2 protein chains.
Amino acid sequence: MALKRSSTAVQVKELLLERILDGTYKPGERLIELQIAEELQTSQAPVREALRYLEAMRLVETEPYKGTRVRVVTERELEESSQVRSVLEQLACELAAPKLKGNCAELQAEADKFMNAARKKDFATYSLHDTAFHRLIMQAADNQLLLSIWESVVLESRFLRILAKIGGENLVEFGDAHLVVLEALEKGDGKTASKSMRNLICKFHGLKI
Amino acid sequence: MALKRSSTAVQVKELLLERILDGTYKPGERLIELQIAEELQTSQAPVREALRYLEAMRLVETEPYKGTRVRVVTERELEESSQVRSVLEQLACELAAPKLKGNCAELQAEADKFMNAARKKDFATYSLHDTAFHRLIMQAADNQLLLSIWESVVLESRFLRILAKIGGENLVEFGDAHLVVLEALEKGDGKTASKSMRNLICKFHGLKI
DNA sequence: TGATTCTCGATTATCGATAATCGATTTTTA
DNA sequence: TAAAAATCGATTATCGATAATCGAGAATCA
């Protein structure tokens with residue numbers, strides 16, 4: 001029963017992470033150590049450690065004596081992360097295909113949910129299940145490093161911004177493209193799945209490759 | 001002239017990083033905060049922050065109240081990192097090809113050096129220039145995220161361990177495989193370069209894909 | 001004896017205080 | 001008056017001290 005407690009620093013990290021992702025802290029906003037420490041009834045040291053984690057995750061930037069800010073992700077960086085994501089997911093499809101052959105019930109369930117949301121133009125729900133769909137594939141690939149890099153890249157390319165770019169009109173089309181991947185995986189055809197996945201990410205994220 | 005000072009924590013991080021990579025600290029070895037602090041004439045706090053950086057880089061592992069150890073990279077994880085590396089470099093070749101078309105002098109220089117080392121079975125020199133060769137391509141891809149992930153993955157898959165697996169006998173063959181990539185890049189043929197690169201990494205790192 | 005509890009030194013986790021630095025504002029100076 | 005210097009509040013960087021916890025061995029007990 002490895003229920004491990006976690007240090008204050010880790011808890012602070014989790015909280016700050018959540019707040020950065022849900023937009024409580026906006027891009028560019030300063031994170032003031034003593035303010036956070038006081039709010040969370042702790043001291044400066046654990047907060048600083050938490051910020052070092054987030055810095056390594058590229059979610060915040062720190063300059064000596066100037067403090068820490070939520071990183072502003074530029075359009076260019078968003079493109080960069082989509083490029084990287086496309087090959088990470090391509091690899092995941094190849095690796096996951098054998099395991100998912102004839103075993104795609106969970107994937108199908110998520111696909112149903114995001115297709116439903118797509119028809120209703122419900123971005124939030126769409127995003128939730130789309131991400132879950134992709135994460136299932138990443139997990140099935142059974143490569144810890146791949147998964148952990150993917151998680152951090154997905155954080156970087158805040159999904160909602162990508163969806164905004166795709167636009168409500170194309171949401172169904174975008175969802176449909178996922179079904180091709182799903183079919184290929186169901187058949188265990190990693191080659192097709194990985195190609196389709198890469199195309200889907202590149203196409204809808206506006207990459208030319 | 002952005003010569004920025006760096007905090008004690010960053011300096012400590014750099015030092016520990018160096019020592020982990022050059023083997024001063026062996027895998028599994030404990031890093032004791034107050035010991036390091038005393039050695040470096042600083043206090044515990046900056047050392048802890050440095051360890052948080054290294055933790056996020058997956059170079060060390062920390063358990064609450066048990067301390068921090070240099071991570072032991074298993075054979076399995078080495079494979080995982082090679083898989084990831086193969087697609088990162090594949091992408092880099094695609095992206096870098098236009099820029100490197102007819103502009104591969106630097107790459108050629110590194111290739112000459114590692115081929116020379118390969119013939120002499122000089123692992124250390126080989127490793128140096130092989131890494132430089134790959135890094136030039138990664139840099140030419142002009143994607144900061146890709147580069148930074150690649151750097152961390154390369155750290156993870158300590159190169160010398162990979163080379164040991166390849167063995168002195170095959171070093172020349174391994175080096176030769178790089179020349180195919182080089183030729184394709186020189187022609188600006190990203191498709192061929194990226195395929196050859198992926199094959200080369202997979203084949204010599206013992207992956208089946 | 002074999003298992004359990006207790007004790008203790010080592011180490012990590014956290015805190016509160018102080019030093020160093022920043023940026024903005026005010027004051028001084030030429 | 002415009003530039004330079006001094007000042008000041010806010011914040012980060014670092015330190016030293018203390019609390020919490022761990023692991024290993026000693027002591028205890030059945």
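All chains are named by letter (A, B, ...) in the order of the sequence lines, taking the proteins before the strands, and each is independently numbered beginning at 1. As the structure is a prediction and not an experimental result, all values here were calculated from the model.
- Summarising the geometry, the separation between CG on Leu34(A) and P on dC22(C) is reported as 18 Å, rounded to the nearest angstrom.
- For the pair Lys66(B) and dT21(D), the criterion of a side-chain N or O lying under 4.0 Å from OP1 or OP2 is not met.
- Nearest heavy atoms, Val181(A) versus Cys93(A): CG1-SG, 4.2 Å.
- Atom C1' of nucleotide dA13(C) and atom OH of Tyr53(A) are separated by 12 Å, given to the nearest angstrom.
- Screening Glu110(A), Lys113(A), His134(A) for a side-chain hydrogen bond (donor to acceptor under 3.5 Å, both in side chains) with His129(A), the sole residue that qualifies is Glu110(A).
- Counting to the nearest Å, the P atom of dT11(C) and the CG atom of Leu51(B) are 14 Å from each other.
- Counting to the nearest Å, the P atom of dT21(D) and the CD1 atom of Ile32(B) are 20 Å from each other.
- As rounded to whole Å, 14 Å separates atom P of dA13(C) from atom NZ of Lys13(A).
- When rounded to the nearest whole Å, the span between CD of Glu38(A) and P of dT11(D) equals 11 Å.
- Between Glu151(B) and Arg135(B) there is a salt bridge, since a side-chain N of the basic residue sits under 4.0 Å from a carboxylate O of the acidic one.
- Using a cutoff of 4.0 Å between basic side-chain nitrogens and carboxylate oxygens, Lys203(A) and Glu173(A) are scored as salt-bridged.
- When the P atom of dT12(C) is taken as reference, atom CD of Glu61(B) falls 15 Å away, rounded to whole Å.
- Straight-line distance from the CZ atom of Arg30(A) to the P atom of dA10(D): 12 Å, rounded to whole Å.
- The structure places CZ of Arg85(B) at 5.0 Å from CD1 of Ile201(B), a figure rounded to the nearest 0.5 Å.
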Could you pull out the protein-nucleic contacts involving nucleotides 14-17 of chain C (nitrogen or oxygen on both sides, under 3.5 Å)?
residue	atom	partner	partner atom	Å
dT14(C)	OP1	Thr8(A)	N	2.9
dT14(C)	OP1	Thr8(A)	OG1	2.2
dC15(C)	OP2	Thr42(A)	OG1	2.6
dC15(C)	OP2	Ser43(A)	N	2.9
dC15(C)	OP2	Ser43(A)	OG	2.9

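- Inspection of the Asp130(A) and Tyr126(A) side chains reveals an N or O donor paired with an N or O acceptor under 3.5 Å.
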